[in-house]
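Values below: every heavy atom of this structure, side chains too, minus hydrogens, waters and symmetry copies. In this text the structure is predicted, and so the values were computed from the model without any measurement.
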Amino acid sequence: MSRPGNPAVRLLAARSLRAHRKAWAAVFAAVAVTTALLGALALALGSTGLGHARVERYAAAPVVVAGDQEIRWTATPWGGEPTTETAGLTERVRIPEAAVAVLRAVPGVREAVPDDTFVVREGGAGPAGAATHAYTGRSWEAARLAPYRLLDGREPRSAGETVVGAGLGAAVGDTVAGRRVVGVAEGPAALYVTAGEARRLAGHPGAVDAVGVLAEPGVPVDTLHARVRAALDAAGLEDTAAGQPLRALTGDGRGGVEHLGAPPARTELLQLLAAVSGTLVLVAVLVLASLVAQALQQRAAERELLLSVGATPRQVRGAAGREVARVAGAAALLGALASVPVFLALWSALRARTGVVPEGLELPAPPWLFAAVLVVAALVVGITRLVVLFAARRPGRAGKGGARRVAGIVLLVLGAGSAGTAAIQGGDAAAAAAGAATVTLVAGCALLGPWIARAAMTALDGPFRWFGGAPGRLTAAGAAAHSRRLGAALVPVVLVTSFALVQLSAGATMERAAAAQARAATTADLALTGTTAERVRELPGVEAATDVLRSTVVLARTEAGTPRLDRLPVLGVDVDGLAGTLDPGVVAGDLAGLAAGTVAVGADTAGSLGVKPGSTVELRLGDGTPKRLRVVAVYERSLALGEFLLSKGELAPHMSDPYPARVLAAGPAGVSPVAPEAVTPPGAELNGIVSGGIVAAIGGLTVLSVLSTLALIGAGRRGELGLLRQVGASAGQLRRMLGLEAGFLTATGLLVGLVVGALPLTAFAWALTGGLPYLPPAQAGAIAGVVLVTVVAGVFLPVFRATASRH
């Protein structure tokens, strides 16, 4: 029996590859771009997976004892094993001061240094005593943990003295934040004060942020860590928030104590990249399958001829597989090389936007990581090779496509079901269901492409024949004879239309709804930062003022038995100052009851939790403290204000820096209303930048797939168009025929793509905003324009010579 590796197969593959170089160019381009994008995402995932918070302030402390900055939630899925979810905390989890004495008694410990980080604000001449500068403050003894040594002057000895970090730019003798500078130390901008003054300014007696442990000379880190761990366990010490055991951290783990936002941001980035990678893989499979199948389909007559002269089906399949593997292998190698600069550009874009990625988050890229692009290249080649097994499975036997039709219908039904699920869900669940619906519906359309094209052409057959003249009749006849080819051309147009529509409209819909809610909710005349409501109320004409504190809470719940932890934004407000400043749009209950032990809940979350005024909700505050709160009100403007409102007195004790993000005030007559501002979910800006870049990349891939598919089809039509010229068709008639085909593909692709995208989008928008999806007219025009230009170019350019006038 002939095997794919025998000389006949090699000869067939080599000859066919030379004969169809132009046809394979489209596949080559798609494989190269796909590999570049997937390789860049693989590098980004690997770098993020290796990421950690940078160790700076604790570089000289081999062990740091701190609270647990993660919470855990365990539940048992239906029919499964117990599963645990974790979520990072954004506020400081403090530990009892008694831990210092315990650690100092551990053998091998040279010193246990308590550390507190706080903010020192310098009052200015602004309105209501607004602070003009804010500085990070620590005790001078904690500077030894870096260590930051004196460059000039001496250590502080009284409450009115301070040592400044060199990054602050001050000198000995200057005054900063009301304190005389007596020394300048190494390190970033910071103020160092006496231990007693640090405890007073930190404002949490009996607790400290962390304890840095310095070892005696010659004591290994592992030994010290084991002794510290044993001492903590024996003492039974727990943190001051959720009562969890204290953690003893070494190595890169120490950085999380310094940069609280780094670990949660890393987790969010990892989840985002994983989700985007999954979408890109699905899009790539659709694109590559369509292109390779079309390239092989165009050579059906050639395969029939090979079979008729004695070649076996196995030889024909083997030759096609070898041919595709050669094209895909070279393209994947080129794409793997291109993925490195794409990855570096993505990381550079993230770093260029201040605040998007926390300053303390390290995202390393060791040399061995770049081997991942070779794995991706092999994966893409494998996917492309797999397509051949189906596309060339039975040479010479096209069949009626019954199984394909049934599979397509099933996918459409599943996609519609996912869209229905999105309509009754909320938050991330609705977004996930809508995304699944889009991919499933596009896959269904891909399988049903020939029948969709045939149905659309049937509806247009009469108008084309009646009003299109000879070109119209040629177009109708060609479509009837080659519905599979027309369907292959239609699929990428539907893909690019629906994908762009969903990605752009989903974000625009949420932003528009949030902005509308923010305008309705913000009734204040003044908004100030760097001050407090207490000071603002002293301004002439101010009738009411409220502090607005921003933090996060973690909501634990189960879905189908699976544990889920959602970190959500939360506001802390002064209830007495809400009149004339903030209107959440209460639909049940009364905000007058908002005090310690109570909470107001957004309508969507209240519905999903099944709570109402009088019910109770269990939350973990920003520092992990569990709270069982009574619901006093339900409000509708949660897109602008977040899903929970707490009183300032309830929220502030659980914040690292309980200072108002801003103050809203009802000012004197004639003052212009303040610009509204909606809260943003944790990681929203990071999500927006990464999603925007990836959407552009995937959009480019789908546009390339449209162009490549049409170019591939055009390359196979040169003989057909040449024959039409020989039997009397003029160049003008052929161009008009191609123009009608381009118009048909554009109109049908946009219409089907609109339907495919609108179904999940409507469900998503209704679930989250209670309204219909929105897309700015400029973006809608851009989608239609890109599709039109791409289709026209793809239809005309490959056959330009065949349609050129002859003189």
Side-chain angles (χ1 to χ4, degrees), residues 51-53 64-77 81-96 99 204 207-210 232-233 236-249 253-272 358 360-361 427-429 549-559 561-572 597 599 601 605 608-609 616-629 642-644 646 650-658 681-683:
H52 58 84
V64 176
V65 176
D68 191 348
Q69 290 291 149
E70 288 186 337
I71 63 169
R72 296 160 185 81
W73 174 252
T74 302
T76 302
E81 297 294 326
T83 303
T84 300
E85 282 290 311
T86 62
L89 299 171
T90 57
E91 307 289 358
R92 175 75 62 186
V93 178
R94 297 188 173 94
I95 65 176
H204 45 79
V208 295
D209 287 358
L232 293 174
D233 292 341
L237 294 174
E238 299 177 338
D239 65 50
T240 59
Q244 296 297 312
L246 306 188
R247 299 193 65 187
L249 304 167
R254 298 169 295 170
V257 184
E258 300 183 37
H259 307 285
L260 298 183
R266 171 184 169 274
T267 300
E268 290 160 5
L269 182 57
L270 201 59
Q271 293 172 345
L272 175 60
L361 178 59
D428 293 338
L549 278 63
R550 298 188 185 278
S551 185
T552 60
V553 296
V554 177
L555 174 65
R557 50 179 152 179
T558 58
E559 290 183 353
T562 302
R564 174 177 167 181
L565 292 173
D566 295 327
R567 193 169 69 253
L568 303 168
V570 63
L571 298 184
V599 65
V601 185
T605 298
S608 66
L609 297 177
T616 58
V617 174
E618 187 167 348
L619 300 174
R620 297 292 186 99
L621 300 186
D623 64 350
T625 301
K627 288 283 185 176
R628 193 169 183 82
L629 304 170
E643 296 300 334
F644 297 99
L646 297 172
E650 180 72 77
L651 188 63
H654 305 281
M655 296 176 62
S656 301
D657 180 23

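Using a 4.5 Å heavy-atom threshold, the side chains of R94 and D623 count as separate. Looking at heavy atoms from C-beta onward, P263 lies out of side-chain contact with E70 at the 4.5 angstrom threshold.
We find the CG-NE2 distance between L621 and H654 to be 5.0 Å, quoted to the nearest 0.5 Å. Once rounded to the nearest 0.5 Å, the distance linking CZ of F644 with CG of L629 reads 9.0 Å. Taken from OG1 in T90 to CZ in R550, the straight-line distance is 13.5 Å, to the nearest 0.5 Å. To the nearest 0.5 Å, atom CZ of residue R266 and atom CG of residue L361 are 8.5 Å apart. Rounded to the nearest 0.5 Å, atoms OG1 (T552) and CG (L89) are 7.5 Å apart. To the nearest 0.5 angstrom, Q244 atom CD is 14.0 Å from I95 atom CD1.
For V617 against L609, the heavy-atom pair with the smallest separation is CG1-CD1, 4.5 Å. Residue R567 comes nearest to P264 through the heavy atom pair NH2-CB, 3.5 Å, listed as atom of the first residue, atom of the second, then distance. Residues E238 and L246 share a closest heavy-atom pair of C-CD2, 3.6 Å. What you find for P563 and T558 is that their closest heavy atoms are CA-CG2, 4.3 Å. Nearest heavy-atom pair, T240 versus A207, reported as atom, atom and distance to 0.1 Å: CG2-CB, 4.1 Å. For E91 against S551, the heavy-atom pair with the smallest separation is OE2-OG, 2.8 Å.
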Apply side-chain contact (heavy atoms from CB on, under 4.5 Å) to V553 and E643, showing your working.
CA-CA 10 Å; V553 296; E643 296 300 334; over 6 Å; no

For the pair D209 and H204, evaluate side-chain contact (heavy atoms from CB on, under 4.5 Å) and give the outcome as yes or no after the intermediate values.
CA-CA 9 Å; D209 287 358; H204 45 79; 3.6 Å; yes

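Every side chain to side chain contact (heavy atoms under 4.5 Å, CB included) that L260 has, sequence neighbours left out, goes to Q69, R92, S656. For P626, the side chain to side chain contact (heavy atoms under 4.5 Å, CB included) criterion is met by A242, R620, not counting sequence neighbours. Listed by chain and number, the residues in a side chain to side chain donor-acceptor pair (under 3.5 Å) with T616 are R628 (sequence neighbours excluded).
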